[in-house]
Number of protein chains: 2
Amino acid sequence: MSLTIALLGMLELSPLSGYDLNKRIEASVIHFWSADQSQIYRTLSRLVADGLAEVTVIAQDGKPDRREHRITPAGHAALDAALRAPLEPETPHESFLMRIFFAGALGIDGVRELLRARREEASRLLARLTTIEARDPGRPETIGQALRRATLRNGIVHAEAELAWLDETESVLVTASR
Amino acid sequence: MSLTIALLGMLELSPLSGYDLNKRIEASVIHFWSADQSQIYRTLSRLVADGLAEVTVIAQDGKPDRREHRITPAGHAALDAALRAPLEPETPHESFLMRIFFAGALGIDGVRELLRARREEASRLLARLTTIEARDPGRPETIGQALRRATLRNGIVHAEAELAWLDETESVLVTASR
DNA sequence: TGCCTATATAAGACCACGCATATATGCCCG
DNA sequence: CGGGCATATATGCGTGGTCTTATATAGGCA
């Protein structure tokens, strides 16, 4: 569903090939959605099969044909419906927390190593996101720009929350080990 | 992998049936891992096939046979290895942020509705987690207890971060719409 | 009486996703 | 000259997950 939104949302602005879509996803929504190339092509085929997009094949010399996808009125309607649909219930899958939950068996040093690795990951993520944030201009913003920036901000506040949790957890661990 | 850890981690404490495991997961790790009953049984079968657990069938009158699973030495080793393995790279899939990213097309009211729904969800989650947190005793704690509590705290700090982000985003939206 | 809940396991259908691989060409860099 | 990268699409295989349905019995509640 979300990848469908991504594809339709991008096709709304201009006709694109699967290749283009892959690049755009990597350039813009990668911080909250990771998409595999083959998955993009598969989903795109489904859009066409469902009549949500249409293909124009453009021959190119030296390069493979370019299959340009353009959104249909049905696709436009589907995007609008998907954006307005009730929020799907969350089914969390936090593999890191699963480890923490059972990490007691590792002893204090094993746990510390887990937390250290997690901190490194969270710091790296935060650095990456703040770099992107800094690169982009501030005011004046359209609603669209504000929202795209907001997804970035979401990643930042959660990365910061994770680091704060790590501080807290590490200090609790010191107490628990005494 | 994570469900494997959950099952082995719980079997480490005592032998359990699939039914027991399902109930325990619902009672203890549900705030960061949602597991389907059929998935639990399948994963459990795989543990047995891989020699990580052994089954004892216990006949009961009135109720179906109880297939009690007990962890093997290989299972113990596998759990330890899984807990110590390097953190798997994150592949984020935040469907809510996907909507926000493309929600500009909905206009300001549509976006506000999305944020409102999200806030309700986050508030409900926070309330649920803080209730559980309050119910459980404070000091003195073993490392295991501290870690289990830490997974709960993780959920709490992220729920709070989400609410803070919602405040921020709503106020940005007011500015952007002017 | 009839329905719901608890106990207990399992198979089938389906889906999204990730990883690997294939194909074909042109261009740049060392 | 060779290797790697950009352009461009597509299939196959496997994994993990969700939802649905089936089966069987006992006990409690209306």
Side-chain angles (χ1 to χ4, degrees), chain A residues 1-8 10-11 15-27 29-30 32-50 53-69 82 88-95 98, chain B residues 1-8 10 15-27 29-30 32-50 53 55-69 82 88-95 98:
Chain A
M1 190 76 272
S2 288
L3 186 53
T4 303
I5 291 178
L7 300 184
L8 290 176
M10 287 174 175
L11 291 180
L16 296 167
S17 67
Y19 186 81
D20 296 331
L21 284 162
N22 190 33
K23 276 191 303 175
R24 301 226 171 175
I25 283 175
E26 251 165 40
V29 303
I30 192 69
F32 61 82
W33 196 273
S34 89
D36 185 74
Q37 176 259 91
S38 63
Q39 185 62 17
I40 290 170
Y41 278 99
R42 268 191 299 250
T43 307
L44 202 45
S45 302
R46 215 203 51 218
L47 292 186
V48 174
D50 293 352
E54 282 168 348
V55 185
T56 315
V57 179
I58 299 168
Q60 300 181 117
D61 50 324
K63 297 175 207 161
D65 285 357
R66 187 183 154 77
R67 296 168 51 81
E68 214 170 66
H69 294 75
E88 50 273 12
E90 301 264 321
T91 53
H93 289 108
E94 306 281 341
S95 57
M98 187 66 90
Chain B
M1 189 77 275
S2 288
L3 187 53
T4 304
I5 291 179
L7 299 183
L8 290 175
M10 288 175 174
L16 296 167
S17 67
Y19 186 80
D20 296 332
L21 284 162
N22 191 31
K23 277 191 302 176
R24 301 226 171 176
I25 282 175
E26 253 167 37
V29 302
I30 193 68
F32 59 83
W33 197 271
S34 89
D36 185 77
Q37 177 258 87
S38 62
Q39 185 63 12
I40 290 170
Y41 279 98
R42 265 194 299 259
T43 307
L44 202 45
S45 303
R46 214 203 53 218
L47 292 186
V48 175
D50 293 351
V55 185
T56 315
V57 178
I58 299 170
Q60 300 181 119
D61 50 323
K63 296 174 206 161
D65 285 357
R66 188 184 153 75
R67 295 168 51 81
E68 214 170 65
H69 295 73
E88 51 272 10
E90 301 264 321
T91 54
H93 289 109
E94 306 282 341
S95 58
M98 187 67 90

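Below, chain A is the first sequence line, B the second, and so on; all start at residue 1.
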Comparing Thr43(B) and Ser17(A) on DNA chain D - which has the more 5′ nearest nucleotide
Ser17(A)
Over how many whole Å does the gap from [X] atom [atom1] to [N] atom [atom2] extend?
X: Asp36(B); N: dT21(D); atom1: CG; atom2: C1'; value: 13 Å
X: Tyr41(A); N: dT9(D); atom1: OH; atom2: C1'; value: 5 Å
X: Arg66(A); N: dG26(C); atom1: CZ; atom2: P; value: 18 Å
X: Lys23(B); N: dA8(C); atom1: NZ; atom2: P; value: 7 Å
X: Leu7(B); N: dT9(C); atom1: CG; atom2: P; value: 13 Å
X: Glu26(B); N: dT7(C); atom1: CD; atom2: P; value: 12 Å
X: Ile40(B); N: dC19(D); atom1: CD1; atom2: P; value: 13 Å
X: Leu16(A); N: dT7(D); atom1: CG; atom2: C1'; value: 15 Å

Minimum heavy-atom distance between [X] and [Y], given as atom pair plus value:
X: Asp65(A); Y: Ala59(A); result: OD1-CA, 3.6 Å
X: His69(A); Y: Leu11(A); result: O-CD2, 3.4 Å
X: Pro92(A); Y: Ile30(B); result: CG-O, 3.9 Å
X: Thr91(B); Y: Ser34(A); result: CB-OG, 3.4 Å
X: Tyr19(B); Y: Tyr41(B); result: N-OH, 3.2 Å
X: Ser2(A); Y: Trp33(A); result: CB-CH2, 3.2 Å

Taking the minimum atom-to-atom distance to the side chain of Gln37(A), which one of dT9(D), dA8(D), dA8(C) wins?
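When the side chain of Gln37(A) is considered, dT9(D) is the closest of dT9(D), dA8(D), dA8(C).
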What's the closest nucleotide to the Tyr19(A) side chain, out of dT9(C), dT18(D), dA8(D)?
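The nucleotide sitting nearest to the side chain is dA8(D).
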Tell me whether the OP1 or OP2 atom of dT9(D) has a side-chain N or O from Arg67(A) closer than 4.0 Å.
no
For a quick check, tell me whether the side chain of Ser38(A) and the base of dC17(C) share a donor-acceptor pair closer than 3.5 Å.
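No.
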Pick base, sugar-phosphate or nothing for Asn22(A), based on heavy-atom distances below 4.0 Å to the nucleic acid.
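Since no nucleic acid heavy atom lies under 4.0 Å of Asn22(A), the category is nothing.
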At 4.0 Å (heavy atoms only), tell me whether Ser45(B) reaches a base, stays on the sugar-phosphate, or touches nothing.
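No contact at all - Ser45(B) keeps every heavy atom at 4.0 Å or more from the nucleic acid.
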Can you list the steps and then say if Met1(A) with Ser95(B) is a side-chain contact (heavy atoms from CB on, under 4.5 Å)?
CA-CA 8 Å; Met1(A) 190 76 272; Ser95(B) 58; over 6 Å; no
What nitrogen or oxygen pairs link the protein and nucleotides 13-16 of chain D at under 3.5 Å?
none

Under the side-chain contact (heavy atoms from CB on, under 4.5 Å) criterion, do Ile25(A) and Met10(A) qualify, and how do the steps go?
CA-CA 9 Å; Ile25(A) 283 175; Met10(A) 287 174 175; 4.0 Å; yes
Would Asp50(B) and Arg46(B) pass as an ion pair if we require N to O under 4.0 Å?
yes
Out of curiosity, His93(A) NE2 to Leu3(B) CG, how far, rounded to the nearest 0.5 Å?
8.5 Å
Find the distance between CD (Gln37(B)) and CG (Asn22(B)) and round it off to the nearest 0.5 Å.
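That separation rounds to 6.0 Å.
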Near DNA chain C, under 4.0 Å by heavy atom, which residues of residues 88-95 of chain B?
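When residues 88-95 of chain B is checked for heavy atoms under 4.0 Å from DNA chain C, the hits, listed by number, are Thr91(B), His93(B).
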Is the CZ atom of Arg66(B) crowded by more than 12 outside heavy atoms at less than 6.0 Å?
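Count over threshold, so yes.
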End-to-end bend of the helix from dT1(C)-dA30(D) to dG30(C)-dC1(D) (five-pair axes, 10° rounding)?
30°
